[in-house]
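Input: a single structure, listed below in structure tokens.
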Amino acid sequence: MSKNIIVIGSCNTDMVIKVDRLPVPGETVIGDSFMMNPGGKGANQAVAAARLNGNVYFIAKTGNDLFGRRSVELYEDEGIHVGNIYSDSSLPSGVALITVDTNGENSIAVASGANKSLSPDDIRQAQSVIEKGDILLMQLEIPIETVEYAAQLASEKGIKVILNPAPACSLPATLLKNLYMIIPNETEAEMLSGIKVTDWESAQKAADTISRKGVDIVVITMGAKGAFVKENDNYYRVSVPPVKALDTTAAGDTFCGALCVALSENMKVLDAVKFACKCASITVTRMGAQSSLPYRKEIDQL
Ligand code: RIB
């Protein structure tokens, strides 16, 4: 029987402009194309996992508006269980403004809207669904007290709690102790460890420091370099297939969703990271967030 992956997190609508280079503060740059795409780190991770054959329950909050309703329809079309996506009557759905340069690098500003009202009470309401989970995946575009509450609830039930600490912020010690695995990128790893991550050696030092705070498995995603893994006393360096990046938006989200699917299929951590790297390498070759997420058959054909 396939295991259940619970994703708790944000949903946004992304407004994306392709530019030659990202504007510096105070500067206006003239862009090229404009796209409006479904996004949000939580939703991207839920959709990534569903497209890779995960059985996904998504717990989130939208505004009572067109963007929110359209998002929920899209998740249903992806086969995601949407019974615990709540609607806020006073706040709008989340929106992200994204610029993407010719190297595929992006800059993102998010107006959280209803994402910021996903509360511990909502999590209590979804408790019976969370308890059906084998893996709980979260990020930080929803209130930290909601993430803490859900992590505590799930870890008490023996559910593997995985946190993608994005966007970067410092984390309470109690939250870290409830995690099975943490998946920061280089910036987030620096925020959590105080160590600037530029190569495998600094990644190892950062992973050791984060791990000492109470998380046994630390996976640092390092863009085109790949991913560094610390699993208890074992260290692994996983490289990614070389690709031409068009848009790196949602590469990290793909990685997290894919890693959960692989773990739900009982792959070992190292094999799950290799699988996740392959999936993320496809995402960066396409524009947009959910529009760029790969399907399982594409990965199986690689
Ligand atoms: O990780 C990419 C996502 O970050 C975008 O889809 C945007 O909505 C922001 O949440």
Side-chain angles (χ1 to χ4, degrees), residues 2 5 7 9 11-12 14 16 18 33 35-56 58 74-75 77-80 96 98-108 135 137 139 162 164 166 181 183-186 188 219-229 236-265 267-302:
S2 76
I5 299 169
V7 181
C11 29
N12 295 331
D14 294 348
V16 186
K18 190 91 176 135
S33 54
M35 283 152 291
M36 195 167 82
N37 301 318
K41 293 184 196 306
N44 296 344
Q45 296 182 15
V47 172
R51 285 194 188 165
L52 295 165
N53 291 354
N55 190 32
V56 180
F58 184 35
L74 290 173
Y75 310 147
D77 292 347
E78 299 283 352
I80 294 172
I98 304 181
T99 41
V100 180
D101 73 11
T102 44
N103 298 318
E105 292 302 331
N106 62 35
S107 99
I108 305 181
I135 294 171
L137 173 63
Q139 329 69 34
I162 300 182
N164 171 222
M181 176 189 284
I183 312 177
N185 67 14
E186 290 150 301
E188 292 144 10
V219 179
I220 303 179
T221 56
M222 299 173 66
K225 291 195 242 0
F228 184 84
V229 184
Y236 309 104
R237 299 169 179 187
V238 180
S239 51
V240 281
V243 288
K244 166 101 185 76
L246 186 64
D247 178 5
T248 55
T249 308
D253 298 331
T254 308
F255 186 94
C256 295
L259 187 44
C260 288
V261 171
L263 293 173
S264 79
E265 293 175 2
M267 280 190 211
K268 295 208 165 65
V269 170
L270 176 59
D271 293 330
V273 171
K274 288 180 183 167
F275 175 79
C277 281
K278 265 196 218 170
C279 296
S281 75
I282 292 190
T283 297
V284 302
T285 63
R286 312 201 272 230
M287 279 303 293
Q290 282 158 48
S291 49
S292 70
L293 306 175
Y295 290 86
R296 185 60 174 257
K297 60 177 183 298
E298 297 177 81
I299 310 301
D300 292 344
Q301 279 162 7
L302 281 179

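Bear in mind the structure is a predicted one, so any value in this text is a computation, not a measurement.
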request  = Keeping to residues at least two apart or across chains, list the side chain to side chain donor-acceptor pair (under 3.5 Å) pairs with something in residues 269-282.
outcome  = none
inquiry  = Keeping Asn12 on the side-chain end and Gly39 on the backbone end, is there a donor-acceptor pair under 3.5 Å?
reply    = no
remark   = Scanning both residues in full, the closest heavy-atom pair of Ala276 with Ala258 reads CA-CB, 3.8 Å
note = Ala262 meets the side-chain contact (heavy atoms from CB on, under 4.5 Å) criterion, sequence neighbours left out, with Met267, Ala272, Phe275
ask   = With a 4.5 Å heavy-atom cut-off, do Met287 and Val16 have their side chains touching?
value = yes
query = Which heavy-atom pair separates Ala250 from Asn44 by the least distance, and what is that distance?
reply = CB-ND2, 3.9 Å
message = So which atom in Ala224 and which in Val240 form the shortest heavy-atom distance, rounded to 0.1 Å?
response = O-CG2, 3.1 Å
message = So which atom in Ile135 and which in Ser264 form the shortest heavy-atom distance, rounded to 0.1 Å?
response = CD1-N, 3.8 Å
query = Looking at side-chain heavy atoms only, is the closest gap between Ile183 and Phe255 below 4.5 Å?
reply = yes
Approximate separation, where rounding is to 0.5 Å, of Gln139 CD and Cys256 SG = 7.5 Å
message = So Gln290 and Glu78, do their side chains get closer than 4.5 Å, heavy atoms only?
response = no
message = Quick check: closest heavy atoms across Val7 and Ala46, and the distance to 0.1 Å?
response = CG2-CA, 3.9 Å
key: Point-to-point distance, once rounded to the nearest 0.5 Å, from CD of Glu186 to OG1 of Thr221   = 7.0 Å
query = Which residues pass the side-chain contact (heavy atoms from CB on, under 4.5 Å) test with Arg286, sequence neighbours left out?
reply = Ile282, Ser292, Pro294, Glu298
query = What residues, two or more places apart in sequence or in another chain, satisfy ring pair (Phe, Tyr, Trp, His ring centres under 6.0 Å) together with Tyr75?
reply = Phe58
request  = Nearest 0.5 Å please: distance from the CE atom of Met181 over to the SG atom of Cys260.
outcome  = 8.0 Å
remark   = Across all chains, not counting sequence neighbours, the side-chain contact (heavy atoms from CB on, under 4.5 Å) partners of Thr102 are Asp20
remark   = Applying side-chain contact (heavy atoms from CB on, under 4.5 Å) to Thr249 and not counting sequence neighbours gives Ile98, Val100, Asn106, Asp247, Ala289
message = Is there a side-chain contact between Val47 and Asp253 in this structure, where contact means two heavy atoms from C-beta onward sitting under 4.5 Å apart?
response = no
ask   = What are the two closest heavy atoms between Pro38 and Asp14, and how far apart are they?
value = O-OD2, 4.2 Å
key: Pair Arg296-Glu265, salt bridge (charged side-chain N to carboxylate O under 4.0 Å, His left out): steps then yes or no   = CA-CA 13 Å; Arg296 185 60 174 257; Glu265 293 175 2; 2.9 Å; yes
ask   = Given side chains that start at C-beta, do those of Leu259 and Ile162 come closer than 4.5 Å, heavy atoms only?
value = no
message = Could you check whether any side-chain N or O of Thr248 sits under 3.5 Å from a backbone N or O of Gly104, counting only pairs where one atom can act as donor and the other as acceptor?
response = yes
task = Could you check if a side-chain atom of Arg51 sits within less than 4.5 angstrom of a side-chain atom of Ile299, using non-hydrogen atoms only?
result = no
query = Does any non-hydrogen side-chain atom of Asn164 lie less than 4.5 Å from one of Glu188?
reply = yes
